[in-house]
**Student:** 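Right, I'll just put the structure down here and ask away after.
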Amino acid sequence: MPWTPPAAEPAADPALTDTFARCLPTGGRLRGPLIAFRQVDSTQLVCRGWAAAGAPEGVMAVADHQTTGRGRRGRAWLAPPGRALLWSCLLRPPVPPRRWPELPILAGCAVAEGVEAAAGLAVRLRWPNDVLVDGRKIAGILVEGVAGPIPAVILGVGVNVGQAPDEWPPDLAGRAASLAMLGAPVARPVVLAAILRHLAERYAAFLVEGFSAVRQAWRERAQLGERVVRDGLEGIAVDLGPDGALLVRRADGSLASVVAAGGG
Ligand code: BTN
C-alpha cells in the first residue's frame, strides 16, 4: 500500500504546521512535507513510523512538546512545552551504512551554522555533535539508522530556544542554556528555517563531493584538546578522522579512534 502523506495525520496541528512549513527549502531533497504536532511521544518515533510505512526522504515532524524525548546514548531529552525546537527528518541517503557516522558530523555543522545565522551567537561543536555557546549546550543531535528493505536515517535536532533559567533539571543547570538566556530571543521557526537552509546545502554538497568539506568545517568549530573518556578509552581529543571518528591521543602517546555509534 502506498504511503499516506502525513497531511492526513490526525494529531497534527494545522496552524502550527502552516507556520513551520514556511521554513522549508523550495528545492533539493529536504522539501518536506513538514508536519507539526502539539504533542507527540518523540518526533524520532513519528519519523520512524513514517519510514516503516515507506515515506520518502525529506518528510519532517516538529512538535511543541515530547512526552518521551530521546537523547543520545539512551538518555532522555526534556523541554517544557513550547520552549525548544524539537524536529526530526527522514533521510534516505544514497550512501552505504558504513558512511552513516559522517551524518551526525554534517548535521552538527549545519545546526551550528543555522543557529549562528539566526541568533548571531558564536557556536562551537563538541564531538560528535553537541552544539555549544560559551561552553553551554544549546542543541543536541540524534542520528538513528533504521534497517529495512530501503534503509533510512532519522535525524533529530533539539534546540534550546526559549527556556528560562529556572526551567532546567538540576543536572543540566549551568551546563545547558537557551538562546533566550544567551540574549538572543529568536522564534523557533526562524531557527528552523536557518538550520534547514544550511542542512540542505551541506547535504547536497556531501552527496556530490563527499565528506571532506564537512570534516574541515567541523574542525574549524570543534573544541579539540579536551579530555575524552569513552568506552574504556581515555585521552585528549586531537582531530576528526576522514570517516567521522574522533582521534584521541592516549597518555602513552598512541592514537586511537572512537566512532559515534548510533549518532553519539
Ligand atoms: C542529545 O542527547 O544531545 C541529542 C538530543 C536530540 C533531541 C531531539 S529533540 C527532537 C528529536 N526527537 C527526540 O526524541 N530526540 C530528538
Side-chain angles (χ1 to χ4, degrees), residues 6 9 11-12 16-17 20 23 30 32 34-51 59-91 100-101 103-112 114-115 123-133 135-146 152-163 167-169 171-172 175-179 188-189 191-192 195-196 199 218 221-223 228 230 246 258 260-264:
E9 281 284 346
L16 209 56
T17 295
F20 275 102
C23 302
L30 306 182
L34 187 160
I35 306 301
F37 299 86
R38 284 273 163 229
Q39 179 170 297
V40 291
D41 45 9
S42 154
T43 55
Q44 292 293 101
L45 296 177
V46 172
C47 281
R48 192 176 273 269
W50 291 344
V59 298
M60 304 174 190
V62 66
D64 256 3
H65 187 229
Q66 300 183 125
T67 52
T68 53
R70 295 146 67 96
R72 281 193 283 115
R73 300 168 76 82
R75 291 186 285 250
W77 181 268
L78 305 170
R83 296 284 201 268
L85 173 65
L86 308 168
W87 170 87
S88 298
C89 178
L90 168 60
L91 302 177
W100 287 358
L103 293 167
I105 305 292
L106 182 155
C109 290
V111 171
V115 170
V123 181
R124 310 271 295 164
L125 290 167
R126 181 172 57 206
W127 188 86
N129 49 24
D130 282 348
V131 185
L132 310 171
V133 171
R136 294 205 279 175
K137 182 159 167 171
I138 51 116
I141 294 163
L142 179 64
V143 179
E144 298 181 296
V146 183
V153 170
I154 313 292
L155 163 62
V157 177
V159 184
N160 301 323
V161 174
Q163 290 99 322
E167 286 184 323
W168 300 96
D171 58 319
L172 286 181
R175 294 197 294 127
S178 67
L179 301 181
R188 290 175 301 161
V191 179
L192 180 58
I195 290 174
L196 282 180
L199 183 64
W218 188 91
R221 285 183 186 274
Q223 302 216 146
V228 175
R230 190 75 177 241
L246 185 71
V258 192

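Ligands are counted one by one from 1 in listed order, and the atoms in each one are counted from 1 as well.
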**Student:** Out of all atoms in ligand 1, which are within 4.0 Å of some heavy atom of Val157? Include the element for each.
**Tutor:**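 Selected atoms, number and element: 8 (C), 9 (S), 10 (C).
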**Student:** Strictly by modelled atom types, are Gln39 and Thr67 linked by a side-chain donor-acceptor pair under 3.5 Å?
**Tutor:**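 On atom types as modelled, these side chains do not qualify, holding no pair under 3.5 Å.
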**Student:** Nearest non-hydrogen contact with atom 13 (C) of ligand 1 belongs to which option: Arg75, Gln66, Glu144?
**Tutor:**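 Result: the heavy atom closest to atom 13 (C) of ligand 1 is in Gln66.
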**Student:** May I ask whether Gln44 has any heavy atom positioned less than 4.0 angstrom from an atom of ligand 1?
**Tutor:**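 Yes.
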**Student:** Does Trp87, backbone or side chain, put an N or O under 3.5 Å from an N or O of ligand 1?
**Tutor:**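 No; the residue has no nitrogen or oxygen that sits under 3.5 Å from a nitrogen or oxygen of the ligand.
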**Student:** Can you tell if the side chain of Val258 reaches within under 4.5 Å of the side chain of Trp127, non-hydrogen atoms only?
**Tutor:**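 Yes, their side chains come closer than 4.5 Å.
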**Student:** Any atoms of ligand 1 less than 4.0 Å from a non-hydrogen atom of Thr43? List them with their elements.
**Tutor:**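 Heavy-atom distances to Thr43 below 4.0 Å select 10 (C), 11 (C), 12 (N).
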**Student:** Looking at ligand 1, does any of its N/O atoms fall within less than 3.5 Å of an N/O of Lys137?
**Tutor:**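 Yes - when backbone and side-chain N and O of Lys137 are compared with those of ligand 1, one distance drops under 3.5 Å.
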**Student:** Suppose we measure from atom 6 (C) of ligand 1 to each protein heavy atom; which comes out shortest, and what is that distance?
**Tutor:**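 Looking only at protein heavy atoms, the one closest to atom 6 (C) of ligand 1 is Arg70 O, 3.6 Å.
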**Student:** What part of Leu45, side chain from CB on, backbone N/CA/C/O, both or neither, has a heavy atom under 4.0 Å from ligand 1?
**Tutor:**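 Neither; nothing of Leu45 gets under 4.0 Å from ligand 1.
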**Student:** N/O of Trp77 under 3.5 Å from N/O of ligand 1, yes or no?
**Tutor:**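 No, no N or O pair falls under 3.5 Å.
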**Student:** Quick one: are Val191 and Leu179 in side-chain contact, heavy atoms under 4.5 Å?
**Tutor:**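 Yes, their side chains come closer than 4.5 Å.
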**Student:** Counting heavy atoms only, which part of Asn129 comes closer than 4.0 Å to ligand 1: side chain, backbone, both or neither?
**Tutor:**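 Asn129 to ligand 1: no contact under 4.0 Å from either part.
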**Student:** Can you check whether Val123's main-chain N or O pairs, donor with acceptor, with Arg221's side chain at less than 3.5 Å?
**Tutor:**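 Yes, Arg221 side chain to Val123 backbone: donor-acceptor pair under 3.5 Å.
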**Student:** Give the residue and atom name of whichever protein heavy atom lies nearest to atom 2 (O) of ligand 1, and the separation in Å to one decimal.
**Tutor:**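 Result: Arg72 N, 2.7 Å.
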**Student:** Just which atoms of ligand 1 are under 4.0 Å from any heavy atom in Ile141?
**Tutor:**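 Ligand 1 atoms under the 4.0 Å threshold to Ile141: 3 (O), 4 (C).
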**Student:** Would you kindly specify which portion of Arg73 sits under 4.0 Å from ligand 1, judged on non-hydrogen atoms: side chain, backbone, both or neither?
**Tutor:**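 For Arg73, there is no contact with ligand 1 at all, from either part.
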**Student:** Do any N/O atoms on Ser42 end up under 3.5 angstrom from N/O atoms on ligand 1?
**Tutor:**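 Looking only at distances, the answer is yes, because the N/O contact criterion of under 3.5 Å is met.
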**Student:** Give a yes or no on whether the backbone of Pro80 and the side-chain of Glu167 come within a donor-acceptor separation of less than 3.5 Å.
**Tutor:**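 Answer holds: no.
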**Student:** May I ask you to decide whether Arg188 forms a salt bridge with Asp64, counting only side-chain N to carboxylate O separations under 4.0 Å?
**Tutor:**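 Looking at Arg188 and Asp64, the cut-off is met.
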**Student:** Against heavy atoms of Ser88, which atoms of ligand 1 measure under 4.0 Å?
**Tutor:**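 Matching atoms, with element in brackets: 11 (C), 12 (N).
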**Student:** With a 4.5 Å heavy-atom cut-off, do Leu34 and Val62 have their side chains touching?
**Tutor:**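 The answer is yes; the side chains approach within 4.5 Å.
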**Student:** I'd like to check which ligand 1 atoms, numbered from 1 as shown, lie under 4.0 Å from a non-hydrogen atom of Gly69.
**Tutor:**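 So the answer, numbered in order with elements, is 14 (O).
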**Student:** Would you compute the distance between atom OG of Ser42 and atom CZ of Arg70 and round it to the nearest 0.5 angstrom?
**Tutor:**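 That separation rounds to 5.5 Å.
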**Student:** Looking at Leu132, is its backbone amide N or carbonyl O close enough to the side chain of Arg136 to form a donor-acceptor pair, meaning the two atoms are under 3.5 Å apart?
**Tutor:**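 Side chain of Arg136 to backbone of Leu132, a donor-acceptor pair under 3.5 Å: no, none is there.
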**Student:** When you measure from the side chain of Ser178 to the backbone N and O of Gly162, does any donor-acceptor pair fall under 3.5 Å?
**Tutor:**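 No: the side chain of Ser178 does not pair with the backbone of Gly162.
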